[in-house]
Peer 1: 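One structure, as structure tokens, below. Some questions next.
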There are 2 protein chains.
Amino acid sequence: MQMKYDDSSDEAFEALREQIAEDYEGLSKRLKLIADFSLQDPSAIALNTAASLGEEIGVAPSALVRFAKHFGFSGFSEMQAIFRDHLQVSSTSYKERIHALAESGATRDTGEMTDRFIEAGIASLRDLQHSISPEHIETAAKLMADARIVHILAQKRTFTAATYLAYNLSRLDVPANLLDGLGGTLEQQMVTVSPEDTVVAISFNPSAGETVEAFERARDIGARTIVITDLARAPFIHADSWFQISEASVDGFRSLNATISLALILAIRAGTMCAEMNTENS
Amino acid sequence: MQMKYDDSSDEAFEALREQIAEDYEGLSKRLKLIADFSLQDPSAIALNTAASLGEEIGVAPSALVRFAKHFGFSGFSEMQAIFRDHLQVSSTSYKERIHALAESGATRDTGEMTDRFIEAGIASLRDLQHSISPEHIETAAKLMADARIVHILAQKRTFTAATYLAYNLSRLDVPANLLDGLGGTLEQQMVTVSPEDTVVAISFNPSAGETVEAFERARDIGARTIVITDLARAPFIHADSWFQISEASVDGFRSLNATISLALILAIRAGTMCAEMNTENS
DNA sequence: GTCAACATGAAATATTTATTCTAAAAATAA
DNA sequence: TTATTTTTAGAATAAATATTTCATGTTGAC
């Protein structure tokens with residue numbers, strides 16, 4: 001059971017695509033060119049003006065207007081809105097999606113709530129898929145694989161993700177240490193950090209002051225730093241490698257799906273790198 | 001290796017992001033609002049007009065122009081172009097990733113691996129959606145809401161999910177206690193369990209013997225029991241409420257997405273029940 | 001408190017962009 | 001071929017959008 005807003009905009013896009021394909025043979029020469037292009041590169045339709053699209057496709061701007069009108073829109077702009085919505089839904093902004101859901105107010109209905117959280121989780125994972133690059137992962141994994149010990153900074157909110165990263169790194173024989181500030185202060189735990197180490201900070205807004213301090217301390221010591229955050233800001237952007245992830249939140253509860261998935265992927269890549277290095281050396 | 005053109009436009013985007021994060025503290029109040037938004041939802045910047053963005057963020061359109069100028073652009077439009085390019089680039093590079101055409105060895109593997117894990121995570125969540133019933137959640141949530149304290153049994157593999165459940169219950173004023181077996185034995189920690197309590201066991205195959213013992217001990221004491229497991233069998237099927245979840249696994253690494261999502265949903269439902277009970281009683 | 005410097009939003013203006021219109025070019029049919 | 005219809009491109013117009021300006025509000029230093 002998906003939500004209405006999302007469904008409708010994405011359905012509109014799918015319906016349009018189908019209709020373009022269906023009407024294709026009945027279109028004039030220029031309109032066929034536009035149809036080809038719109039099916040092949042819909043995001044270009046969403047992101048450019050009629051004039052520049054016309055130039056790229058090789059037709060006049062007015063041809064695009066005629067194209068839109070052929071499919072029942074009032075003009076190019078109205079059709080373009082469908083393409084834009086699709087792009088927004090499929091890449092990042094589930095924010096509106098969640099927002100619209102929250103407004104339906106049926107928080108009481110457990111089944112509906114379940115759906116909302118699951119949809120939010122899926123949206124987070126889809127966003128992760130689009131927003132992280134293999135190069136970033138390689139860089140971060142290498143920092144971890146090369147480290148004497150990987151320390152993971154955990155504040156309350158992100159403690160769960162930190163335990164997961166630590167657990168998986170350990171399983172893969174990458175030395176990992178959780179700096180949880182438990183049974184004492186982070187300050188005390190930081191003495192184990194050396195310049196040969198890598199410190200991973202997982203920090204969600206609002207950041208715990210302790211995490212920020214510990215992160216800066218790690219940099220002072222000369223350790224490598226990796227940051228996973230939902231809002232890239234000083235001092236975290238000075239990290240050797242950083243990931244910005246946007247987790248969907250429902251009623252103030254932030255999903256953790258993207259964060260733990262990233263943690264798993266990083267751990268595995270670091271683990272395989274480490275294993276490769278060891279076999280080479282022996 | 002991507003095309004040069006794509007690289008450069010994406011670099012421009014990355015550079016801008018970094019500069020926004022770096023200059024953040026020096027920005028005025030409105031400009032900070034815009035900075036937050038632009039970092040969190042860049043595709044919205046790409047796809048909307050200055051006026052509509054202004055409304056969503058809560059600033060005047062001219063503030064967006066000022067924001068752009070602060071970062072050296074001639075105006076909003078010029079900055080928006082960076083965001084648009086990024087969106088176009090990232091969607092095409094994603095396409096390339098799927099088709100795995102022109103990427104070098106390790107990077108291609110990493111991209112592929114990332115996709116597999118994310119798809120596995122989504123599959124797990126979809127499965128969760130179909131396999132759990134609102135009635136089960138209601139039952140389990142009620143057991144937790146009625147409890148004096150909710151104890152959560154954590155073995156190594158599921159420690160992460162247990163911390164997440166404990167954290168969210170606490171946030172919602174449901175008394176929660178993590179039985180982690182740290183700094184001693186589970187046996188010792190179990191003395192705090194009373195017949196008015198509820199014990200949640202999260203157990204993946206192969207179950208740690210300690211968890212099984214602790215679970216049976218909890219039943220002997222007379223506490224209510226809830227089990228989250230990937231393989232329902234004795235003694236867990238004797239629990240007052242149990243959930244069977246199947247997490248997708250890639251290369252032997254099991255996703256945790258369904259488990260933590262279920263944990264979140266249960267915590268929230270228990271939290272709202274608890275809150276309702278308290279307002280009714282007072 | 002007073003002043004200066006800066007930040008802000010509303011409205012005026014400029015610019016870009018979409019849309020409509022029309023004459024001419026193709027395509028089609030006789 | 002010629003008459004008729006459809007398609008097209010470019011210019012004229014309309015609409016949307018960005019930008020500038022300026023009066024007013026805010027902040028911080030003295």
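Residue numbers begin at 1 in each chain, while the letters A, B, ... track the order of the sequences. Every value quoted in this text rests on a predicted model; they were computed, and no experiment measured them.
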Peer 1: Of the candidate nucleotides D:dT17, D:dT8, C:dT19, which contains the atom at the shortest distance from the side chain of A:Lys29?
Peer 2: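 Nearest listed nucleotide: D:dT8.
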Peer 1: Picking from A:Leu64, A:Val59, A:Ile57, what satisfies side chain to side chain contact (heavy atoms under 4.5 Å, CB included) with A:Phe37?
Peer 2: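 Single pass found, and it is A:Ile57.
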Peer 1: Does atom CD (B:Glu55) have a neighbourhood of more than 12 heavy atoms from anything else shown, all under 6.0 Å?
Peer 2: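 Not more than 12 within 6.0 Å, no.
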Peer 1: So, A:Thr229 side chain and A:Ser203 main chain: donor-acceptor pair closer than 3.5 Å or not?
Peer 2: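 Between the backbone of A:Ser203 and the side chain of A:Thr229 there is a qualifying donor-acceptor contact (under 3.5 Å).
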Peer 1: Could you tell me whether the phosphate oxygens of C:dT15, OP1 or OP2, come under 4.0 Å of any side-chain nitrogen or oxygen in B:Ser77?
Peer 2: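 It does not, given that no N or O in the side chain of B:Ser77 lies less than 4.0 Å from OP1 or OP2 of C:dT15.
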Peer 1: I need the CD-P distance between A:Glu55 and C:dT17, as an integer number of Å.
Peer 2: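 To the nearest whole Å, that distance equals 12 Å.
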Peer 1: Dump the pairs, protein N or O against N or O of nucleotides 20-25 of chain D, anything under 3.5 Å, distances to one decimal.
Peer 2:
from   : atom 1 : to      : atom 2 : distance (Å)
D:dT20 : OP2    : B:Lys69 : NZ     : 2.1

Peer 1: If I take atom CG in residue A:Leu64 and atom C1' in nucleotide D:dG10, what distance separates them, rounded to the nearest angstrom?
Peer 2: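 Rounded to whole Å, this separation is 15 Å.
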Peer 1: Can you measure A:Phe76 atom CZ to D:dT17 atom P for me and round it to whole angstrom units?
Peer 2: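 Spelled out: CZ on A:Phe76 to P on D:dT17 is 12 Å.
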Peer 1: What is the distance from CZ of B:Phe67 to C1' of C:dC6, rounded to the nearest Å?
Peer 2: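 Roughly 18 Å, once rounded to whole Å.
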Peer 1: With DNA chain D as reference, determine whether B:Thr49 or A:Val59 sits nearer its 5' end, using the nearest nucleotide of each.
Peer 2: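 Its nucleotide being nearer the 5' end, the pick is A:Val59.
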Peer 1: Is the distance from OP1 or OP2 of C:dC6 to the nearest side-chain N or O of B:Ser28 less than 4.0 Å?
Peer 2: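 For C:dC6, OP1/OP2 do not have a side-chain N/O of B:Ser28 under 4.0 Å.
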Peer 1: Nearest-Å distance, CD1 (B:Ile45) to C1' (D:dA18)?
Peer 2: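 Rounding to the nearest Å, CD1 of B:Ile45 and C1' of D:dA18 are 15 Å apart.
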Peer 1: Under the 3.5 angstrom rule, does the side chain of B:Asp85 hit a backbone N or O of B:Ile82 as a donor-acceptor pair?
Peer 2: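 Here the side-chain-to-backbone pair does not exist.
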Peer 1: Between A:Gln129 (side chain only) and B:Glu119 (backbone N and O only), is there a donor and an acceptor less than 3.5 Å apart?
Peer 2: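 Not a single qualifying donor-acceptor pair exists.
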Peer 1: B:Lys32: which residues meet the salt bridge (Lys or Arg N to Asp or Glu O under 4.0 Å) condition with it, sequence neighbours left out?
Peer 2: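 Checked B:Lys32 against salt bridge (Lys or Arg N to Asp or Glu O under 4.0 Å); matches are B:Glu25.
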Peer 1: Starting from C1' on D:dT19, measure out to CZ on B:Phe73 and report it in whole angstrom.
Peer 2: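 These atoms are roughly 16 Å apart.
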Peer 1: Just how far, in rounded Å, is C1' of D:dA16 from CD of A:Glu78?
Peer 2: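 Atom CD in A:Glu78 sits about 15 Å away from atom C1' in D:dA16.
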Peer 1: Measure up the B:Phe13 and B:His86 rings against each other and bin them: parallel (under 30°), tilted (30 to 60°), perpendicular (over 60°).
Peer 2: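 Judged by the thresholds at 30° and 60°, the geometry between B:Phe13 and B:His86 is parallel.
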Peer 1: Whole angstrom is fine here: how far is it from CG in B:Leu27 over to P in C:dA7?
Peer 2: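 Distance check: B:Leu27 CG to C:dA7 P gives 10 Å.
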